[in-house]
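Nothing fancy with the numbering, it's 1 onward along the sequence.
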Amino acid sequence: MSAVSLLCELIKASEKAANIARICRRNERLFGLLVQEKEESESNSRFDHDFKTLADCLIQEMIKHDIGKQFPALRDNIRGEENSKFTNKAGDSVTLTVTDDQAKTIETLQKVFAGDDEVVMALVEEVYREVELDMQSLELPGDLVPLDNEWSELGVWIDPIDATAEYIKGEEKRTKFPNIAASGLECCTVLIGVYETCHGTPIIGVINQPFAKRIENDQQPPAEYCGQVYWGMSVGDLKFNNIAPHEPEARIAILSPSEQSKYVEFIRNQLKYDVIFSAGAGYKILKIATGEAELFLLSKGTTYKWDTCAPQAILRSMNGDLFNLQDTLINKSVKKISYTDRKTIRNLGGIIAYQNIDKLREFLKL
């Protein structure tokens, strides 16, 4: 069994997902049809309104199909943020599925879009497109990396579009550090993480930024974007990733805009961090992995396993990790975020992320 073959398929699926996200966002007529508010039982308590889009649902089902097709023993262990139900304008509930039967997918989407064939075919074309990637530029491991686990002993968490609110609003704002966004499309990420079901340890992570960079042109909107793929793998003692070392501009802590003031003040005044605020859990943890920020802390239990699995795997490939904040601060035991419990999908104790574990020890001393 090769971890690299699985990683290649995850990257391909993430890029197909990014293409769908870009197409949906670029087509104003299509995008206007997509947005639907989540049911109360699905929504995140941090937000007054928590939306899902058909892009989210379609991406999730597409990833499930593509990975499950290549690795059938994994199929039943692939889980994601969204349920697959969507309601069309007429109020009809439609369950989105992606199968080998392209005609059936077309039929399902036609129900969602009430027979708008132009929109349906644009989406279906992307769902079934064969993605070609420049694997050399992704710096994949040259040698086979063996997996001790059977495929059925692995699980996959998907967040099809992390920071959905930013995806919908698209209001670009920067922090005082030019390479870190405060909000907007840059904060949106496709997250696919693989973990060992027995130990609950993330071992492979892919983060795809569909809107990493805006392509400058002389034409009027809609804007064009190109993406960026990050990956990390930590299998036994073998660690690989495609992230280049980065020297930060300052000692930066990246937090949620809704973070409790007592934590913000402590981090700023006692730990002497330059505090900035940004959207998207996946994006913020990515900035820890890239070294552009040193500390990410979220005191509330408002992230889920689909938010953290992929970025945690990447952090682990760099000798960093993601920890339960409650245990770390109150119980004084450094407990890593784990994925063994299938029923508990929320990171209830809050989270704290470091790439450099020595910095975490300094944090604990204070």
A.B. asks: Write down the atom of Val229, the atom of Asn242, and the distance for their closest heavy-atom approach.
C.D. replies: O-ND2, 3.0 Å
A.B. asks: May I have the step-by-step check of side chain to side chain donor-acceptor pair (under 3.5 Å) for Glu172 and Ser183, ending in yes or no?
C.D. replies: CA-CA 6 Å; Glu172 309 283 349; Ser183 64; over 6 Å; no
A.B. asks: Under a 4.5 Å cut-off applied to non-hydrogen side-chain atoms, are Ile180 and Ile276 in contact?
C.D. replies: yes
A.B. asks: Are any side-chain N or O atoms of Trp157 and backbone N or O atoms of Tyr195, one a donor and one an acceptor, separated by less than 3.5 Å?
C.D. replies: no
A.B. asks: Under the salt bridge (charged side-chain N to carboxylate O under 4.0 Å, His left out) rule, what pairs show up with a residue in residues 65-77, not counting sequence neighbours?
C.D. replies: Lys16-Asp66, Lys69-Asp100
A.B. asks: Side chain to side chain contact (heavy atoms under 4.5 Å, CB included) between Ser234 and Ile203: does it pass, once the steps are laid out?
C.D. replies: CA-CA 5 Å; Ser234 179; Ile203 58 171; 5.6 Å; no
A.B. asks: Just by distance, no angles: are the side chains of Glu294 and Tyr273 close enough, under 3.5 Å, to form a donor-acceptor pair?
C.D. replies: yes
A.B. asks: Given side chains that start at C-beta, do those of Tyr354 and Leu295 come closer than 4.5 Å, heavy atoms only?
C.D. replies: yes
A.B. asks: Using side-chain heavy atoms (C-beta onward) and a distance below 4.5 Å, is Thr290 in contact with Tyr230?
C.D. replies: yes
A.B. asks: Classify the side-chain pair Gln312/Tyr339 by whether it contains a donor and acceptor separated by less than 3.5 Å.
C.D. replies: yes
A.B. asks: Is any NZ, NE, NH1 or NH2 atom of the basic residue among Glu224 and Arg26 found under 4.0 Å from an Asp or Glu carboxylate oxygen of the other?
C.D. replies: yes
A.B. asks: Does any donor atom in the side chain of Tyr128 or Thr105 lie under 3.5 Å from an acceptor atom in the other side chain?
C.D. replies: yes
A.B. asks: Determine whether a donor-acceptor pair (N or O, by modelled atom type, separation under 3.5 Å) exists between the side chain of Gln355 and the backbone of Ala289.
C.D. replies: yes
A.B. asks: Is it true that Lys365 and Glu362 make a salt bridge, defined as a side-chain N closer than 4.0 Å to a carboxylate O?
C.D. replies: no
A.B. asks: Could you tell me whether the side chains of Ser256 and Ser258 share a donor-acceptor contact shorter than 3.5 Å?
C.D. replies: yes
A.B. asks: Output every pair passing side-chain hydrogen bond (donor to acceptor under 3.5 Å, both in side chains) with a member in residues 197-208, not counting sequence neighbours, ordered by first then second residue.
C.D. replies: Ser14-Asn208, Glu15-Asn208
A.B. asks: Are Cys198 and Glu153 packed together at the side-chain level, in the sense that at least one heavy-atom pair is separated by less than 4.5 angstrom?
C.D. replies: no
A.B. asks: Does a donor on one side chain sit under 3.5 Å from an acceptor on the other, for Tyr304 and Arg346?
C.D. replies: yes
A.B. asks: Can you check whether Asp307's main-chain N or O pairs, donor with acceptor, with Asp159's side chain at less than 3.5 Å?
C.D. replies: no
A.B. asks: Do you know which two heavy atoms are closest between Ile158 and Lys64, and how far apart they sit?
C.D. replies: CD1-CG, 4.1 Å
A.B. asks: Do Leu286 and Pro311 have side-chain heavy atoms sitting under 4.5 Å apart?
C.D. replies: no
A.B. asks: Do the side chains of Leu348 and Leu298 join up, straight or via other hydrophobic residues, at under 4.5 Å, putting them in one cluster?
C.D. replies: no
A.B. asks: Is there side-chain contact between Leu138 and Ile11, with heavy atoms separated by less than 4.5 Å?
C.D. replies: yes
A.B. asks: Do you know the tightest heavy-atom contact between Ser278 and Ala181?
C.D. replies: OG-O, 2.6 Å
A.B. asks: Of the non-hydrogen atoms in Phe323 and Ile357, which two are nearest, and what is the gap between them?
C.D. replies: CZ-CD1, 3.7 Å
A.B. asks: Can Glu150 and Ser152 be counted as having a side-chain donor-acceptor contact under 3.5 angstrom?
C.D. replies: no
A.B. asks: Can you tell which of Arg251, Lys176, Arg268 makes a salt bridge (charged side-chain N to carboxylate O under 4.0 Å, His left out) with Asp274?
C.D. replies: Lys176
A.B. asks: Do the rings of Tyr225 and Phe211 sit parallel, tilted or perpendicular, given the 30° and 60° boundaries?
C.D. replies: perpendicular
A.B. asks: Would you sort out whether Gln110 and Asp117 count as a side chain to side chain donor-acceptor pair (under 3.5 Å), showing the intermediate values?
C.D. replies: CA-CA 7 Å; Gln110 283 175 330; Asp117 289 344; 2.9 Å; yes
A.B. asks: Is Lys284 salt-bridged to Glu292, going by a charged N under 4.0 Å from an acidic O?
C.D. replies: no
A.B. asks: Scan for salt bridge (charged side-chain N to carboxylate O under 4.0 Å, His left out) pairs involving residues 314-327, sequence neighbours excluded, and state none if there are none.
C.D. replies: Arg316-Asp321, Asp321-Lys336, Asp327-Lys335
A.B. asks: Taking Glu186 as the fixed residue, which of Lys173, Gln209, Arg174, Arg214 is the one that meets the side-chain hydrogen bond (donor to acceptor under 3.5 Å, both in side chains) rule?
C.D. replies: Arg174
A.B. asks: Where is the tightest heavy-atom contact between Gly232 and Ser317, given as atom of each residue plus distance?
C.D. replies: CA-OG, 3.7 Å
A.B. asks: Can you find a pair of side-chain heavy atoms, one from Gln228 and one from Ile207, that are under 4.5 Å apart?
C.D. replies: no
A.B. asks: Would you call Phe363 and Ile352 a side-chain contact if the rule is heavy atoms closer than 4.5 Å?
C.D. replies: yes
A.B. asks: Ignoring hydrogens, what is the shortest heavy-atom contact between Gly282 and Leu191? Give both atom names and the distance.
C.D. replies: CA-CD1, 4.1 Å
